[in-house]
Protein chains: 2
Amino acid sequence: MSRSDPTNLQPFVDRLLARSVLTPDEIQAILALPVHPVEVRGQTDFVQVNEKTSCACFIASGMVARFGETRDGQRQITAFHIPGDMVDLNSVVRPIAVGGLTTLCNTTILEVPHTAIRALAVRYPAVAEAFWRDTMLDAAILMQWVVNVGKQRAKTRLAHIFCEMAIRLGGDRQILQEYDFPVSQERLAEAAGMTGVHVNRSLKALREEGLVTVKRYSVKIHDWQRLAQTGEFEADYLVADTGTDRRARLLAGD
Amino acid sequence: MSRSDPTNLQPFVDRLLARSVLTPDEIQAILALPVHPVEVRGQTDFVQVNEKTSCACFIASGMVARFGETRDGQRQITAFHIPGDMVDLNSVVRPIAVGGLTTLCNTTILEVPHTAIRALAVRYPAVAEAFWRDTMLDAAILMQWVVNVGKQRAKTRLAHIFCEMAIRLGGDRQILQEYDFPVSQERLAEAAGMTGVHVNRSLKALREEGLVTVKRYSVKIHDWQRLAQTGEFEADYLVADTGTDRRARLLAGD
DNA sequence: CGTAGACTTGACCTGCGTCAACGTGTGTGG
DNA sequence: CCACACACGTTGACGCAGGTCAAGTCTACG
């Protein structure tokens with residue numbers, strides 16, 4: 001039951017507490033959710049597009065990508081999910097997967113049945129609110145992703161992704177200057193909406209400009225300021241809701 | 001209090017009922033929400049990026065776009081909102097606007113205070129769930145938007161947008177072959193992630209191929225089949241949750 | 001030590017951007 | 001009701017970011 005126990009939901013609670021206020025009772029109830037641990041090898045699609053799901057997936061370790069597909073099978077990654085994320089929490093109210101899910105490396109997932117989550121949300125409105133808010137953060141990240149893919153140049157797109165992950169992996173507070181990122185250039189291309197070849201060239205440019213070095217399993221940021229500048233990265237959308245007043249509880253009526 | 005009364009929320013209730021089950025009590029409570037009608041002229045930004053909001057905006061008539069901005073002021077539209085939409089419902093749990101909102105034509109908005117919506121969500125968990133589900137549909141549309149902008153060609157992107165709006169304006173059931181769409185080519189470009197000039201050429205091509213005719217204030221679809229084909233449009237993500245089992249109530253615990 | 005995947009690089013191509021000119025429709029004021 | 005203006009739509013010429021194709025090279029792992 002310690003925090004390092006890979007089969008408990010404490011990291012999820014920590015995540016929620018960063019943006020929502022929960023009572024000890026509520027926290028205990030979340031930690032008491034039934035979980036079913038599953039080990040998934042890397043590069044495995046474990047949820048298909050339009051599949052009906054019956055549980056949410058908590059990432060205990062590893063990394064996961066959500067993606068959509070074009071008719072000819074090309075993929076567009078729409079989100080990266082990291083340890084502590086409850087992927088598919090949205091599926092609780094909308095059980096048809098809006099995109100596929102695939103592992104980027106060996107990943108430990110804790111499956112949590114929708115039924116249990118629903119029961120919890122009914123009993124504790126503040127928990128329901130915390131869940132809803134959590135899915136809204138994902139939506140905010142997604143909106144930024146659209147802007148990034150729709151209106152930016154190649155280097156900017158990539159830089160933005162590295163900045164986003166540096167903040168998220170750092171727990172929204174510290175900015176990690178170096179982190180594991182088990183994503184091939186091909187996958188980066190699927191995320192940034194470009195081709196593998198051009199990702200390669202753009203990474204080379206970013207490296208030669210002294211901004212960031214990307215290897216297959218790691219990102220090392222050399223100059224955060226200029227990287228954020230190049231990526232037109234504003235952290236607001238990720239961290240803007242940590243203020244006290246924004247964690248107001250539904251129960252308080254304000 | 002009739003359905004055509006432009007200051008009541010009946011269309012919003014209709015929208016919710018398409019995907020959620022609500023009791024007469026719950027419906028009455030929603031209809032009893034306090035609203036403050038506001039007339040907004042076209043081409044007006046009425047919510048700024050990162051602005052803190054204190055109410056959600058129901059669109060009684062008109063049309064609205066959500067957008068993000070790059071540093072040099074270019075805009076990327078991330079969603080179109082139509083009459084019946086509760087724009088910014090997400091802001092109830094996350095009051096920092098994730099994008100700006102601008103009117104595409106003269107629009108009547110009913111402002112609904114967050115406080116009232118929160119109070120309702122606490123009192124009726126099923127209403128909270130319906131709200132949450134509604135925001136998740138927006139998120140699903142947004143995910144599709146990323147795929148469209150990230151991985152498709154110009155004609156495909158535009159065709160996809162016209163298909164999406166045909167379904168949404170038709171109430172998710174009928175497919176409108178002709179509808180009002182008060183969007184300039186410049187705006188379409190901001191939505192599709194391209195330039196106005198190229199939108200113009202692509203629209204010309206779509207017209208010459210007999211797929212669709214787009215004028216400043218209207219879209220006329222000539223061949224739905226081929227338009228959907230060209231736009232790689234699958235309506236699943238918009239309508240997949242109208243089945244009975246997917247409208248199950250939180251209260252039912254399943 | 002071999003093999004399969006990922007990374008790199010070069011040469012060339014093209015969809016779309018950019019710039020610029022001109023046509024057209026619509027709303028306003030005289 | 002007309003005239004003007006301004007915003008929007010249309011079209012052509014040209015450039016470039018990024019795509020495509022293809023040939024290596026590196027590296028992890030059995």
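First the proteins, then the strands, lettered A, B, ... as listed; each starts at 1.
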Would you mind telling me which of [options] lies closest to the side-chain atoms of [X]?
X: V197(A); options: dG10(C), dG17(C), dC16(C); value: dG10(C)
X: R216(A); options: dC7(C), dG9(D), dG17(C); value: dC7(C)
X: R201(A); options: dA17(D), dT8(C), dT20(D); value: dT20(D)

Between [X] ([atom1]) and [N] ([atom2]), how many Å, whole number?
X: N106(A); N: dA28(D); atom1: CG; atom2: C1'; answer: 15 Å
X: H198(B); N: dT14(C); atom1: NE2; atom2: C1'; answer: 11 Å
X: E190(B); N: dC8(D); atom1: CD; atom2: P; answer: 11 Å
X: D72(A); N: dT20(D); atom1: CG; atom2: P; answer: 10 Å
X: Q43(A); N: dC29(D); atom1: CD; atom2: P; answer: 13 Å
X: R153(A); N: dT18(C); atom1: CZ; atom2: C1'; answer: 10 Å
X: Y217(B); N: dA7(D); atom1: OH; atom2: C1'; answer: 10 Å
X: Q152(A); N: dG18(D); atom1: CD; atom2: P; answer: 11 Å

If we ignore hydrogens and angles and just use 3.5 Å, is the side chain of [X] paired with the main-chain N or O of [Y] as donor and acceptor?
X: D88(A); Y: S91(A); value: no
X: Q177(A); Y: K220(A); value: no
X: T102(B); Y: T44(B); value: yes
X: T135(B); Y: N90(B); value: no
X: T107(A); Y: T103(A); value: no
X: R226(A); Y: E209(A); value: yes

Quiz item: Taking five pairs at each end, how big is the angle between the two axes of the helix from dC1(C)-dG30(D) to dG30(C)-dC1(D), to 10°?
Solution: 40°
Self-check item: Ring geometry between H160(A) and Y237(A) (parallel below 30°, tilted from 30 to 60°, perpendicular above 60°)
Solution: parallel
Exercise. Would you mind telling me which residue lines up with the more 5' stretch of DNA chain C, R157(B) or R207(A), judged by nearest nucleotide?
Key: R207(A)
Quiz item: Which residue lies toward the 5' end of DNA chain D, K155(A) or N200(B), if each is placed at its nearest nucleotide?
Solution: N200(B)
Self-check item: Sugar-phosphate only, base, or nothing, as touched by S184(A) at under 4.0 Å among non-hydrogen atoms
Solution: sugar-phosphate
Quiz item: Would one find a side-chain N or O of Q185(B) under 4.0 angstrom from OP1 or OP2 of dT10(D)?
Solution: yes
Quiz item: dT8(C) phosphate, OP1 or OP2: any side-chain N/O from K204(A) under 4.0 angstrom?
Solution: no
